[in-house]
2 protein chains.
Amino acid sequence: MTTPRPVLRFARQHNLDNHACRLSSLCLPFTLCSETLEKFGVVAKRNAPLRKRDALYLQGMPFKSLYVIHSGSLKQITTTDNREEQVTSFFLPGEIVGLDAIGDQRYSGNAIALETTTVFELPFDRLEEVSCHSPELRNYLFQCMSKELQNERLLMHLLLRKTSDVRLATFFVAMSLRFRRRGYSPYCFNLAMSRGDIGSYLGLAVETVSRLLGRFQQQGLITSRGREFHIHDLETLTRLADSNGRC
Amino acid sequence: MTTPRPVLRFARQHNLDNHACRLSSLCLPFTLCSETLEKFGVVAKRNAPLRKRDALYLQGMPFKSLYVIHSGSLKQITTTDNREEQVTSFFLPGEIVGLDAIGDQRYSGNAIALETTTVFELPFDRLEEVSCHSPELRNYLFQCMSKELQNERLLMHLLLRKTSDVRLATFFVAMSLRFRRRGYSPYCFNLAMSRGDIGSYLGLAVETVSRLLGRFQQQGLITSRGREFHIHDLETLTRLADSNGRC
DNA sequence: CGCGGTCTTGACGGGTGTCAATTGTTGTGG
DNA sequence: CCACAACAATTGACACCCGTCAAGACCGCG
């Protein structure tokens with residue numbers, strides 16, 4: 001038979017030589033003083049683009065670098081002992097990938113490109129070097145991780161006791177925020193992930209996601225054509241996300 | 001009427017003078033070289049004990065210090081815009097409290113003592129100073145946060161799609177592990193939190209928790225008398241926690 | 001002893017996962 | 001360029017888990 005679709009092209013892309021590149025074009029979630037940004041930039045290398053379904057890293061690989069998404073998007077999938085696959089995160093442009101790998105020095109899942117995606121690589125040993133002399137950078141990293149930890153904790157614990165519609169509404173509000181923060185329209189965006197990915201991320205069955213999308217559309221909250229989403233009533237969507245869930 | 005039970009004694013305890021104290025007696029989740037431990041110890045101050053229901057800090061208070069539990073236990077409760085209260089974490093001896101506050105420089109919930117509890121205070125500005133000259137300490141902090149982030153992410157996303165029995169089994173297995181790591185028996189321990197706290201943490205109704213405890217007991221997996229738990233069959237409990245949930 | 005809070009147990013209904021069938025979309029090869 | 005296969009998304013029917021409400025038991029504490 002024909003060679004199976006090469007899901008992973010990690011080796012290939014890893015052999016390419018990278019060129020140093022400024023990060024000034026990245027709208028990072030926090031503001032950095034230009035000096036710190038500079039130092040950050042010195043460390044960053046631009047990698048060759050990933051194509052859809054390529055892996056940036058694989059679960060269990062030794063941790064070497066953090067990455068910042070330049071364009072495109074990633075999902076992180078963790079496989080449990082049980083052979084269950086679980087989407088644990090989505091990453092959009094400007095967001096830092098791999099923070100959860102520092103702890104045990106291994107990546108905690110497969111990072112898969114959802115579309116053509118380019119990233120900057122931040123070798124962690126270089127980061128550590130630089131952070132010796134730059135308190136700003138050090139604090140920046142601390143803040144990134146702490147914020148993510150806080151978000152994750154609160155969001156997940158909230159979602160645990162909420163109905164599917166609240167979960168999905170929360171998802172859209174969060175996505176809208178992330179796009180707004182990047183300077184894009186918070187009302188109209190493409191989500192490269194599949195319904196199945198969204199379901200896995202939110203702990204819902206694909207069918208439920210699909211049904212809810214239909215209902216939201218019927219209620220005039222959003223319209224979805226394929227993977228393009230328009231948000232018409234962000235306010236009630238937000239109210240729904242903040243609501244008790246079980247009413 | 002009599003003065004209402006003083007739930008919060010933060011001010012009182014904060015006015016007491018603290019004395020410096022070694023952390024060597026703490027079984028931290030990761031091993032530190034003695035030199036780093038020393039430096040850590042220089043920073044630590046021992047605080048006056050908290051009584052049950054006292055708060056170590058309150059949601060929204062400016063972040064100043066991390067804390068390490070010496071004895072006792074804490075829960076962290078976050079109140080949403082909606083006046084919903086959500087238990088986001090439990091902290092046992094040796095564990096670090098407050099990591100999720102570094103990001104926005106404010107504590108993200110109320111830290112409430114579940115029993116008489118003593119903590120060491122680690123003023124963050126001192127930590128930052130010391131971490132300038134100690135790569136070990138810096139890395140240790142990074143690792144703590146990263147590990148917690150990874151745990152939280154995977155655990156929560158897994159729980160999202162699991163049935164109540166799997167959630168509770170997971171909770172017990174995790175607790176058992178945490179006690180074992182501290183050198184205590186993984187088969188017999190006291191959990192100072194109420195059923196309601198456990199339910200909130202796992203996203204389950206109190207009644208469900210109670211029913212499940214009954215079922216587990218009936219199946220010979222555990223026995224529970226009040227807040228004292230004996231684990232009889234950790235293996236099947238683990239298998240249950242790792243199972244698909246919906247079978 | 002009696003009160004308030006915590007825990008347990010029962011009955012009921014709605015939300016959501018599972019299974020199954022259909023349609024739409026993407027990508028590959030003739 | 002079309003045909004076909006593989007995959008993704010939608011829609012419906014049904015069962016069952018679990019949240020809600022309600023009542024009662026247990027416990028600590030004054």
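In what follows, every chain begins at residue 1, and chains take the letters A, B, ... in the order their sequences are listed.
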[options]: which one has an atom nearest the side-chain heavy atoms of [X]?
{"X": "Thr163(B)", "options": "dC18(D), dC7(C), dC21(D)", "value": "dC18(D)"}
{"X": "Arg227(B)", "options": "dT10(D), dC18(D), dT6(C)", "value": "dT6(C)"}
{"X": "Arg195(B)", "options": "dA9(D), dT8(C), dG15(C)", "value": "dT8(C)"}
{"X": "Leu213(A)", "options": "dT10(D), dC7(C), dT11(D)", "value": "dT10(D)"}
{"X": "Ala205(A)", "options": "dA11(C), dC17(D), dG17(C)", "value": "dG17(C)"}
{"X": "Glu207(A)", "options": "dG17(C), dT9(C), dG12(D)", "value": "dG12(D)"}
{"X": "Arg211(B)", "options": "dT16(C), dT20(D), dT10(D)", "value": "dT20(D)"}

d([atom1], [X]; [atom2], [N]) in whole Å:
{"X": "Met193(B)", "N": "dC7(C)", "atom1": "CE", "atom2": "P", "result": "12 Å"}
{"X": "Lys52(A)", "N": "dC7(D)", "atom1": "NZ", "atom2": "P", "result": "13 Å"}
{"X": "Phe229(B)", "N": "dC7(C)", "atom1": "CZ", "atom2": "P", "result": "9 Å"}
{"X": "Leu168(B)", "N": "dT8(C)", "atom1": "CG", "atom2": "P", "result": "11 Å"}
{"X": "Arg161(A)", "N": "dC18(D)", "atom1": "CZ", "atom2": "P", "result": "14 Å"}
{"X": "Lys162(A)", "N": "dT20(D)", "atom1": "NZ", "atom2": "P", "result": "12 Å"}
{"X": "Gln218(B)", "N": "dT9(C)", "atom1": "CD", "atom2": "C1'", "result": "13 Å"}
{"X": "Ile198(A)", "N": "dA9(D)", "atom1": "CD1", "atom2": "P", "result": "8 Å"}

- Query: Is any side-chain nitrogen or oxygen of Thr208(A) closer than 4.0 Å to OP1 or OP2 of dG17(C)?
  - Reply: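 For Thr208(A), the contact criterion (side-chain N or O under 4.0 Å from OP1 or OP2 of dG17(C)) is met.
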- Query: Under 4.0 angstrom, heavy atoms only, what part of the nucleic acid is Ser194(A) near: base, sugar-phosphate, or nothing?
  - Reply: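 Answer is sugar-phosphate: Ser194(A) comes under 4.0 Å of backbone atoms only.
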- What nucleic acid atoms does Gly199(B) come within less than 4.0 Å of, heavy atoms only: base, sugar-phosphate, or nothing?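 Contact class for Gly199(B): none.
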Donor-acceptor contact present, side-chain [X] to main-chain [Y], <3.5 Å:
{"X": "Glu95(A)", "Y": "Leu92(A)", "answer": "yes"}
{"X": "Thr236(B)", "Y": "Arg239(B)", "answer": "no"}
{"X": "Arg161(B)", "Y": "Leu204(A)", "answer": "yes"}
{"X": "Asn110(A)", "Y": "Ile77(A)", "answer": "no"}

- Item | Of Gly196(B) and Gly203(A), the one whose closest DNA chain C nucleotide lies more 5' |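 Mapping each residue to its closest nucleotide by heavy atoms, the 5'-most match is Gly196(B).
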- Item | Ionic contact status for Lys52(A) with Glu115(A), cut-off 4.0 Å |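 No, Glu115(A) and Lys52(A) are not salt-bridged.
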